[in-house]
Amino acid sequence: MLGRIIAIDGHASTGKSSLAKSLSYEFNCIHINSGSMYRAIALHIINNNLIKYIESDTNYLMSKLDGISLEFKEVGTKLKLFLNGKDIEKDLNSLVVSNEVSNIAAIPEIRSKLVKLQREIDRSKGIIMDGRDIGSVVFPDADLKLFLTASIEVRAERRYDELIKKGANVTLSDVINNIEDRDKKDSNRKTSPLIIDNDAILIDNTNKTISEQLQLIKEIVQSRFYN
Ligand code: DC
């Protein structure tokens, strides 16, 4: 995997990050969940009462984001995201953040700020990056592009179970509404919408376990990189 890039894009809650993380252990490379970067910005905007400027004054909003620091740091075997020096991982997947993040990710200035950071990450060990525009915009020359999808029911149930395990107070219909809303916004925004690139391999994991997906991708990597 040295120096190689695997882009994993796809619909919301299709297990992109879990899959990317397992693959990164397998291939001994770095995993970057780009969605966590958009979520970190959303968290900062929410916590600093800046939501009202999303539509009314993007310039002011961007000036408030100018000085923030967003860094991945190695903690043990993991890369964790720090916002202004603080470990914010546990706050990123709340429904409050999920409900705002697609609106924030549609702002072109925020996208270009994050795409720049994503391209600057050291790729010498190899990178598996998951998101919505990794194969189409961030790394159009990626060595392998995967696009994950699954039925809305299966995605919502997986996400709901995850949130309940973390002690969140949500209903299945809250989760379905959030996933449908994000898919719609991610696919219809003007700047880098979610698309299936011509050279991406489509994987529908509705009926696939994570180990079946891992096996499938390991075979694809083996034949593409090493044969
Ligand atoms: O992968 P996720 O659900 O954590 O992503 C959160 C939101 O961020 C999602 O609604 C779309 C947006 N996103 C994006 O626009 N581009 C990316 N590369 C990653 C995420």
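Each ligand, and each atom within it, is numbered from 1 in the order the structure gives.
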At under 4.0 Å between heavy atoms, what of Arg182 touches ligand 1? The answer is side chain
Note: Lys185, heavy atoms under 4.0 Å from ligand 1, region reported as neither
Contact region, Gln118 to ligand 1, non-hydrogen atoms below 4.0 Å, reads neither
Donor-acceptor contact present, side-chain Arg123 to main-chain Ile5, <3.5 Å
no
Fill in: Flag, side chain of Asn188 to backbone of Lys184, donor-acceptor distance under 3.5 Å
yes
Tested for side chain to side chain donor-acceptor pair (under 3.5 Å) against Arg155, the lone hit among Thr149, Asp183, Thr206, Thr14 is Asp183
Q: Compute the shortest N/O to N/O distance between Tyr38 and ligand 1 and return yes if it is under 3.5 Å, no if not.
A: no
Please say whether Arg189 places an N or O atom under 3.5 Å from an N or O atom belonging to ligand 1.
yes
Any heavy atom of Asp9 under 4.0 Å from ligand 1? The part involved is neither
Considering residues, nucleotides and ligands other than Asn198, do more than 12 of their heavy atoms fall under 6.0 Å from its CG? no
* N or O contact, Arg159 vs ligand 1, cut-off under 3.5 Å -> no
Would you please test Arg159 and Glu162 for salt bridge (charged side-chain N to carboxylate O under 4.0 Å, His left out) and show each step? CA-CA 5 Å; Arg159 190 66 160 191; Glu162 217 175 84; 3.4 Å; yes
query: Quick check: does any side chain N or O of Lys185 sit under 3.5 Å from a backbone N or O of Ser102, one acting as donor and the other as acceptor?
result: no
- For residues Asn48 and Lys64, determine if any side-chain heavy atom of one lies less than 4.5 Å from a side-chain heavy atom of the other. no
Quick look: Arg111 vs ligand 1, heavy-atom contacts under 4.0 Å, and the answer is side chain
Per-atom filter on ligand 1: closer than 4.0 angstrom to a heavy atom of Ile134 are 18 (N)
| Nitrogen or oxygen atoms of Lys16 and ligand 1 under 3.5 Å apart | no
shortest atom 6 (C) of ligand 1-to-protein heavy-atom contact is with Arg39 NE, 3.7 Å
When Ile179, Asp181, Asn178, Asn93 are each screened for side chain to side chain contact (heavy atoms under 4.5 Å, CB included) with Ser98, the one that passes is Asn178
When distances are taken from atom 12 (C) of ligand 1, the protein heavy atom at minimum range is Ala105 CB, 3.7 Å
Atom 1 (O) of ligand 1: closest protein heavy atom, distance to 0.1 Å, is Arg132 NH1, 2.9 Å
Exercise. Between Leu216 and Lys208, is any pair of side-chain heavy atoms under 4.5 Å apart?
Worked result: yes
### Salt-bridge criterion met for Asp186 and Arg189 (N-O under 4.0 Å)
yes
- Message: Has Arg119 got a side-chain atom pairing as donor or acceptor with Val138's backbone, closer than 3.5 angstrom?
- Response: yes
Atom 18 (N) of ligand 1: closest protein heavy atom, distance to 0.1 Å, is Asp133 OD1, 2.8 Å
message = If you measure every N or O of Ser102 against every N or O of ligand 1, does any of those distances drop under 3.5 Å?
response = yes
The closest protein heavy-atom partner of atom 19 (C) of ligand 1 is Ser34 OG, 3.3 Å
Please indicate whether any nitrogen or oxygen in Asp130 is less than 3.5 Å from any nitrogen or oxygen in ligand 1.
no
